[in-house]
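What follows is one structure encoded as structure tokens, with my remarks underneath.
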Amino acid sequence: MSTQPQTLAQAPELPPADLLKMHYLMLLARRLDERMWLLNRQGKIAFVISCQGHEGAQVGTAWALRPGIDWVLPYYRDLALVLALKMTPREIMLGAFARAEDPSSGGRQMPSHYGSPRLKIVSGSSPVATKIPHAAGVALACKLRHEDAVTAVYFGEGSTSQGDFHEGLNFAAVQRLPVVFVCENNEWAISTPLSKEMAIERVAQRGSAYGIPGETVNGSDVVKVYQAMKQAVARARQGEGPTLLEVLTVRLTSHSSDDNQFSYRPKEELQTEQEHHEPLAAFARYLRQAGVLDTPKEQELEARVAAEVDDATAYAERAAPPAPESLLDHVYADAEPQQ
Amino acid sequence: MSTQPQTLAQAPELPPADLLKMHYLMLLARRLDERMWLLNRQGKIAFVISCQGHEGAQVGTAWALRPGIDWVLPYYRDLALVLALKMTPREIMLGAFARAEDPSSGGRQMPSHYGSPRLKIVSGSSPVATKIPHAAGVALACKLRHEDAVTAVYFGEGSTSQGDFHEGLNFAAVQRLPVVFVCENNEWAISTPLSKEMAIERVAQRGSAYGIPGETVNGSDVVKVYQAMKQAVARARQGEGPTLLEVLTVRLTSHSSDDNQFSYRPKEELQTEQEHHEPLAAFARYLRQAGVLDTPKEQELEARVAAEVDDATAYAERAAPPAPESLLDHVYADAEPQQ
Amino acid sequence: MAQNNVLEAVREALFEEMERDGTVVLLGEDVGARGGVFRATEGLQARFGPERVIDTPLAESGIVGVAIGAALNGLRPVAEVQFADFILPAMNQLISEAAKMRYRSNGAFGCPLTVRTPYGGGVHGALYHSQSIEALFCHIPGLMVVAPSTPYDAKGLLKAAIRDPDPVLFLEHKRTYRLIKGEVPEGDYVLPIGKAKVKREGTDLCVITYGLMVHYSLEAAEALAREGVSVEVLDLRTLLPLDKEAVLAASKKTGKVLIVHEDNLTGGLGGEVAALIAQDGFESLDAPVMRLAGPDVPAMGFAKTLEDAYLLSPEKIAAALRKLAAY
Amino acid sequence: MAQNNVLEAVREALFEEMERDGTVVLLGEDVGARGGVFRATEGLQARFGPERVIDTPLAESGIVGVAIGAALNGLRPVAEVQFADFILPAMNQLISEAAKMRYRSNGAFGCPLTVRTPYGGGVHGALYHSQSIEALFCHIPGLMVVAPSTPYDAKGLLKAAIRDPDPVLFLEHKRTYRLIKGEVPEGDYVLPIGKAKVKREGTDLCVITYGLMVHYSLEAAEALAREGVSVEVLDLRTLLPLDKEAVLAASKKTGKVLIVHEDNLTGGLGGEVAALIAQDGFESLDAPVMRLAGPDVPAMGFAKTLEDAYLLSPEKIAAALRKLAAY
Ligand SMILES: Cc1ncc(C[n+]2csc(CCOP(=O)(O)OP(=O)(O)O)c2C)c(N)n1
Ligand SMILES: Cc1ncc(C[n+]2csc(CCOP(=O)(O)OP(=O)(O)O)c2C)c(N)n1
Ligand SMILES: [Mg+2]
Ligand SMILES: [Mg+2]
């Protein structure tokens, strides 16, 4: 990732209210995420995988989508994305605590495996990249019904090594399907650096293998991310087919709560990345410069977010776990739930 | 494929003796192939899949390889290639008749599933593209031992849709392995035309997704094919990593003896292709112009080839089929063959 | 009633379901103008257009993956895998995704997907166009596996598969395509998934089997009848979920069971059937539960000698029945 | 002798084999500086360099495919699949390629490949980090499947796998990694693939099992011993090829068999073991052949309630044994 100081894009089309909402969502995601690490270290939740450093990519792209209308296939880092799509902090925490009420899986899946038919968020699994052909299929159905819904699918750059990435993009390209392929490139796949994942500098270069546009945008420039996504979505909606949109991000945490990144990642690398690409601070700076955010507003926001995080945590902690017998439910549609 | 009349490349580095040998091999492949169709229609062999129209691509690339030193992973169309690598017509016919003596599989595999440890031709299966990662692995072993052998793997353009194509090229690119990926692009995958296989014009465009050179060359210009392959091989040997070499070909026959191409392919398309890209006739014309071939020489060659084809057919027809009990042999190394 | 072969029955089911329900779409390699390599989808693209009969790139994981996505979003896709041997690249999509979609989403998302594929040998298909792959899927909760043996069953069960809200792997034995003919009612009928069928009543022994082996077993039973031995033949028809009642009933009735499949023995479906009987039907057994199956080799060879040596036949089945009768 | 856990035994085997034989190379996701997500390959890249311990791109089919190519050409690759659940994208390479290489080339090419992968549940791994995948491979002639339960067996069998001229799938139960400790001789020893081991002698009943369940079954046997029932416990260790003699001997000796596995019941390895006994050990049976296994659901859930409900335990095994004893 280049370490040049970024110049934030101007966004005349985004009114201040939107900019503030975007900031709020990024902040909410960050604080929820931080809380989950705390709960993990307290032994209260068994696993965390983070969005920290990816919030700009996620909220920026989400802003070009219509929650509940466009289809979204997120991956495990997409906490800020699903919040922007109107999942609630309580819903998130219910997943983290693996409660029966968890809307994504009823406590069956690891945290961050989001799903919601209501929000058109497609249930995802743990094996990476399988969802990429799904996105093409979801879009195929929309196209067949002449709906104008767009499908957006998210994944890390490491996952573009999988055959399913290739097969999914190729199918979507041949059929000119309304899909946006969003790659959150943090330059690491667990401990594997970009240079061992691929012999190219930019994932966007892979677009040309399918005859589709490939674009790279800096994930800490939220407005630019939004603009790039808006264009890709417009292309999809106008029948011009898919786009591969690469958003450069930084993974601020270890891969997950089971990892310790300093066993393989130089501390300085992270520091440099952080200075230049930390999206939350960068966006706050931008909003201050634009006169949209000031200290009192920020304090107010922090307080509101803290209350929401507290509420969600308390709610989920008290909620009931799935009943043991429920493990037999939903293997097939016709099997009656046991309770 | 462009239908411009081709201008054949000059080949100062190829002495007339080589050019004549190349022509002989292309002719031999063509006549063997034609004989197999005849035998199939007579009910004597159960299946044929053809090299017809691909001979230039195969002999041209083979000429840049060292038989028995460089490793080759051919696919089912590569009759002319394996002849150039020194498989004999008898060996080919033993496979077609599924005889015990068939060196590739002892009559176990369908015809055209070549293999020979002696010739460093790696046994191939029927599922397409699986051999592409194998090629990377074969090359990895060569590199580890600091051998200068190059690995060449062959496949059709339809097979580049498979995930294994993507994973194999990516691995080889990251490790800068000495491999040449040769795609014989005949614009059809059975009945599926290029436009339904991919949204690009040239398979070579896929090279840039892996950071490796991608090149396209016309398969009826045998000398150009040779030159392009020679360059790719040199790059590999010098540690500069893999190349994706696309050779444009024409499938003169139906996909296989189980297919009838005129149920989906316009006759005119084939005729146009044939006029402009039929490699055997084009190469013969070139050799005549270059003063290397004349009518008596050609008649002599035809007679020699006919005799070889007759001999191979007679030999293989008389050869014994595998013994029924031998079906239990070679499941594992330690299982003693039964006979 | 019309006399159809299995191929025609499959095509008819596809045609009728596409007529009936605009959300049914086909996708696969060469399913369009070519009508599939076996011509099972012949004429369907001409009738329903390239939007509903989609020629895909050569990529099985992609085909199944796209079909899963389409199934999530209101379509009823029928994906064709050109040969069952080539379903292996799609295992991850089938097992991690299709089979687990409903379960992992706690019932929120369903996956009404049908995957059709021709399997089995006897057509000089050699190592990679002859395999039986059912056992790999009969271990996967969330999937259903159907393997009809007759045109009648093929049509009725394929319709059931397409209408089912869960993923169904629909296995068509390629040797039966043209070989097996039978009466097929015109128009709509649906057969229930999960029900076996007694193809021949008998009292001394029973054969439990499916696919092409049903026909071979019926021939063998006929031979034994001429020798005064009465053999029941049960066609499983659905391999997952197994029709346990039917299996146990046949075993109880005859006390002597021979399980037959073309697939290789070890780890094959026969093990599950035998285990079921050895646990829940133990008390009525008069003899060991016998299995007759393909040898434990990777697949059948191309040479006729090797193919014949691999394959079961009515004679081999009859010989095993005689041995069991003599126990 | 050193007291090691299973993880240490695996690491030691890898280290010693790499020291001994320069053709042994490791490849997989995060096997280098990270030492694998479970640290099984920790320190090996530092010792043997990035040419012999290769961090690969995130692509299992590619990893196994590359390893096959390397195996064809003189190396002894040990590929790691990070979690057994993620082996599914590599099924085609394993089944169509590795398992059939020798057979399809009539013995001309071999594939001395080892694929190591952690499997099994009980580590809050949820649906996709807990699965047992052995049954899918125990049906594949040409492969071997090994699943040790102790550090001693893990070291000796992993060495055997690496030295074997044919492909071996080496399954490491991730719950045993740190939980199970035992004596492991320093230096070289090799255990034969294909041999089961009697872990406890007994006369009334026997348990046939493998992996983590060996330890739970031993606990259950201990509980039954206190009640005066003598239980034999057989650890299969190799799942393909099965040690038929050992299975039949245990069955014959006790006449009452309980087969136990963590994997879900239907289509699991237990079916094959039961079928073997029901056919070849029928005459010495005193009771139905019983199976105790995971429920037929796609996998175990993340919530502890669901994980516990899925998993077997010494108590559940003891209860099944009591039932069988009372038959
Ligand atoms: C098929 C498969 N193999 C391995 C894994 C284990 N795994 C989980 S995340 C991950 C790295 C993913 O990297 P990337 O796609 O770059 O996403 P990031 O975590 O960096 O956002 C790996 C190897 C997996 N989930 N699926
Ligand atoms: C995995 C897999 N799926 C399907 C097939 C069936 N099949 C055999 S050849 C072929 C078309 C291959 O086209 P292409 O790669 O362009 O090679 P060509 O035959 O045109 O030379 C197909 C679909 C196969 N062999 N393997
Ligand atoms: Mg990453
Ligand atoms: Mg082609």
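Naming convention: chains lettered A, B, ... in sequence-line order (proteins, then strands); numbering from 1 in each chain. Here the structure is a predicted model, which is why all the values come from computation and not from measurement.
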Shortest non-hydrogen separation from D/Arg104 to B/Ser105 and the atoms involved |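 That closest heavy-atom pairing would be O-CB, 2.9 Å.
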Heavy-atom proximity to chain B below 4.5 Å, by part of [X]:
| X | result |
| --- | --- |
| D/Val64 | neither |
| D/Gln93 | side chain |
| D/Ala108 | both |
| D/Pro165 | side chain |

Part of residues 67-93 of chain B lying next to chain D, heavy-atom separation under 4.5 Å | B/Trp71
Among residues 120-146 of chain B, which ones touch chain D with a heavy-atom distance under 4.5 Å?
->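 Heavy-atom contacts from residues 120-146 of chain B to chain D are B/Ile121, B/Val122, B/Ser123, B/Gly124, B/Ser125, B/Pro127, B/Thr130, B/Pro133, B/His134, B/Ala136, B/Gly137, B/Val138, B/Leu140, B/Ala141, B/Cys142, B/Leu144, B/Arg145.
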For the candidates D/Gly69, D/Gly62, D/Ala67, which exhibits the highest count of non-hydrogen atom pairs separated by less than 4.5 Å from chain B?
-> D/Gly69
Can you pull the side chain to side chain donor-acceptor pair (under 3.5 Å) pairs that have at least one residue in residues 31-43 of chain D, sequence neighbours excluded?
->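 Side chain to side chain donor-acceptor pair (under 3.5 Å) check on residues 31-43 of chain D returns A/Asp259-D/Arg34.
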Would you confirm whether B/Tyr332, through its side chain, and D/Leu143, through its main-chain N or O, come within 3.5 Å as a donor-acceptor pair?
-> yes
Pairs meeting criterion salt bridge (charged side-chain N to carboxylate O under 4.0 Å, His left out) with involvement of residues 21-30 of chain D, two or more places apart |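 The answer is none; no pair qualifies.
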Taking the side chain as C-beta and beyond, is there a heavy-atom pair between D/Arg102 and B/His330 under 4.5 Å?
->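 The answer is yes, as the side chains (C-beta and beyond) meet within the 4.5 Å cut-off.
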Would you say D/Val66 and B/Gln175 make side-chain contact, with heavy atoms under 4.5 Å?
-> no
Option in B/His166, B/Gln109, B/Glu167 with maximal non-hydrogen atom pairs under 4.5 Å from chain D = B/Glu167
Could you tell me which of B/Pro103, B/Gly106, B/Gly115, B/Gly163 has the largest number of non-hydrogen atom pairs under 4.5 Å with chain D?
->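 Ranked by heavy-atom pairs under 4.5 Å with chain D, first place is B/Gly106.
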B/Leu327 versus chain D, the contacting section by heavy-atom distance below 4.5 Å | both
